[in-house]
Amino acid sequence: MRICDLYKPGKTILSLEVFPPKKDSGVSLDGALSEIARLSPAFISVTVHVGGSADRTAGIAANIQSTFGIPSIAHLTCVNATRATIRDSLQMIRERGVENILALRGDPADGGYKDYLYASELVRDVCGYGGFCAGAACYPEGHIDASDPVSDIEHLKIKQDAGAAFFLSQLCFDNGLFYRFLERARAAGISVPVSAGVMPVLSLGQIEKMIFLCGASLPARVVRLLHKYQTDADGLRKAGTELAAEQVRGLTEMRVDGVHIYTMNKPEVAAWIFSQR
Ligand code: FAD
């Protein structure tokens, strides 16, 4: 099932993101996946670690489809990729029966970029290969490396022109910022569906890491929450999940195309958000 065909005008679809557990962690995703699948999300996307294996990501995405009958997306990045390695990855992903790819630049730690500098180039090759529905990432507050928000949106348009058929957004804690971004994106010619990324606040450490990595801003109500529950981990988790559920309700009432929830492989968090929508 092509992800772009799941979006319907005026109806908000809910989707979820999971990540492959670290190889040597001994953690299995199977239990979490079967609980997450029970929520019947429109689709599940599977991330790829920097320097991680595209094969592992595609394997999980294939399992989501074959075991649970839920459409899935395999993330794929440009990090260290050559035209030949991307062709091999696309062949492998196709052989596994996964037809949706989120084409990303990725952030190399020690390697770098080879044949691909920007995600738009990867989108073009994924679409050129044939048989895939390619999506791409977008940033309600602008990408952290972007020199200004206008050119950042122009770069989204390049990804759309290269064939991106939908966008999944970076997490954003403030729906107002997402709506304003969407307005600017539509005015700049972005016409494909855009899902808003929502991440529940579960711990201070998680938020510090995410803010550092992606530069998302913290609205006052999130700061107040972190302050109020600084010595109460369970309280923060509960209040943070409720805040995410409230965000999802607001986005659904505004009938955005979709909401993509970063589950952090925690089915109980996703289940609470789904039950409150
Ligand atoms: P690009 O679209 O290439 O943009 C990167 C930067 O380059 C932006 O600042 C953009 O404005 C600029 N730019 C783009 N085109 C041009 C151009 N032609 N000229 C000049 N500047 C240009 N990372 C992972 O490693 N694994 C994952 O699984 C993963 N999943 C993600 C899922 C989502 C929904 C999101 C939002 C991000 C995800 N990331 C993941 C992180 C992503 O790889 C990083 O944010 C990365 O820094 C940018 O990726 P991109 O695809 O948006 O890059």
Side-chain angles (χ1 to χ4, degrees), residues 3 15-22 29 43-58 60-61 72-81 86 89 93 98 100-126 134-164 166-173 177-178 181 184-185 188 190 192-199 209-216 257-265:
I3 297 301
S15 55
L16 300 173
E17 181 188 278
V18 297
F19 59 84
K22 288 246 156 61
L29 193 56
F43 62 86
I44 298 176
S45 81
V46 186
T47 69
V48 63
H49 296 301
V50 176
S53 140
D55 193 39
R56 190 137 175 269
T57 291
I60 296 170
S72 64
I73 303 180
H75 294 203
L76 185 67
T77 76
C78 301
V79 176
N80 273 325
I86 289 298
S89 294
I93 294 171
V98 176
N100 301 291
I101 291 180
L102 193 70
L104 299 146
R105 188 192 70 175
D107 296 306
D110 48 3
Y113 302 110
K114 289 181 177 157
D115 288 352
Y116 299 85
L117 283 184
Y118 298 113
S120 53
E121 299 158 12
L122 182 58
V123 170
R124 187 165 292 111
D125 278 6
V126 170
C138 65
Y139 302 83
E141 299 185 65
H143 183 262
I144 197 160
D145 298 344
S147 49
D148 63 277
V150 174
S151 64
D152 201 40
I153 288 185
E154 285 167 3
H155 298 145
L156 292 186
K157 180 69 166 50
I158 297 177
K159 290 200 269 198
Q160 179 180 280
D161 292 346
F166 62 96
F167 285 102
L168 302 183
S169 102
Q170 181 61 276
L171 65 97
C172 175
F173 295 109
L177 286 174
F178 179 78
F181 156 75
R184 284 184 282 114
I190 301 297
V192 300
V194 181
S195 281
V198 171
M199 177 179 272
K209 189 172 163 207
M210 285 316 299
I211 299 306
F212 179 74
L213 283 177
C214 74
D257 300 319
V259 181
H260 195 54
I261 300 165
Y262 295 91
T263 69
M264 288 160 294
N265 295 357

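Note that these values count all heavy atoms, side chains included, but never hydrogens, waters or copies made by symmetry. Predicted model, so just to flag it, every value in this text is computed and none were measured. As the structure lists them, so they are numbered: ligands from 1, and atoms in each ligand from 1.
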Inter-residue atom distance I60.CD1 - D55.CG, 0.5 Å rounding = 10.5 Å
Protein heavy atoms: any of them under 4.0 Å from atom 13 (N) of ligand 1?
-> yes
Element-labelled atoms of ligand 1 that are located less than 4.0 Å from some non-hydrogen atom of Q170 = 36 (C)
Under 4.0 Å from a heavy atom of L102: give me the atoms of ligand 1 that qualify, with their elements.
-> 32 (C)
Go through ligand 1 atom by atom and flag the ones less than 4.0 Å from a non-hydrogen atom of A119.
-> 1 (P), 2 (O), 3 (O), 51 (O), 53 (O)
contact_flag F19 ligand 1 heavy-atom lt 4.0 Å | no
Tell me: protein heavy atom nearest atom 24 (C) of ligand 1, and distance?
-> V48 O, 3.7 Å
Do the rings of F181 and F178 sit parallel, tilted or perpendicular, given the 30° and 60° boundaries?
-> tilted
V46 and its side-chain contact (heavy atoms from CB on, under 4.5 Å) partner, picked from I73, T57, L29 | T57
Residue, atom and distance of the protein heavy atom nearest atom 17 (C) of ligand 1 read Y118 CE1, 3.5 Å
Is there any N or O on L104 that sits under 3.5 Å from an N or O of ligand 1?
-> no
For T77 and ligand 1, does the shortest N/O to N/O distance drop below 3.5 Å?
-> no
Identify the closest protein heavy atom to atom 30 (N) of ligand 1: which residue and atom is it, and at what distance?
-> H75 ND1, 3.1 Å
May I ask you to check whether K159 has an N/O atom sitting below 3.5 Å from an N/O atom of ligand 1?
-> yes
So which protein heavy atom does atom 52 (O) of ligand 1 come closest to, and at what separation?
-> Y139 OH, 2.7 Å
For A146, take its heavy atoms, then give the atoms of ligand 1 lying under 4.0 Å from any of them.
-> 9 (O)
What are the atoms of ligand 1, with element, lying closer than 4.0 Å to any heavy atom of D152?
-> 8 (C), 9 (O), 10 (C), 11 (O)
Examine D107 against ligand 1 and note whether any of their N/O atoms are separated by less than 3.5 Å.
-> yes
Nitrogen or oxygen atoms of H49 and ligand 1 under 3.5 Å apart | no
Option with minimal heavy-atom separation from atom 8 (C) of ligand 1, where the choices are E121, H143, H155 | H143
Mark the output for Y262 as yes if a heavy-atom distance to ligand 1 is under 4.0 Å, and as no if none is.
-> yes
Near A137 (heavy-atom distance under 4.0 Å), the atoms of ligand 1 are 35 (C), 36 (C), 52 (O)
Near T47, which atoms of ligand 1 are under 4.0 Å from a heavy atom of that residue?
-> 28 (O)
List in chain and number order the residues that pass side-chain hydrogen bond (donor to acceptor under 3.5 Å, both in side chains) with D115, two or more places apart in sequence or in another chain; answer none if no residue qualifies.
-> none
Do S45 and H75 get their side chains close enough for a donor-acceptor pair, meaning under 3.5 Å?
-> yes
Just which atoms of ligand 1 are under 4.0 Å from any heavy atom in L168?
-> 34 (C)
Closest protein heavy atom (residue, atom, distance) for atom 23 (N) of ligand 1 = G106 CA, 4.3 Å
Among protein heavy atoms, which sits nearest to atom 5 (C) of ligand 1, and what does the distance come to when rounded to 0.1 Å?
-> R105 NH1, 3.7 Å
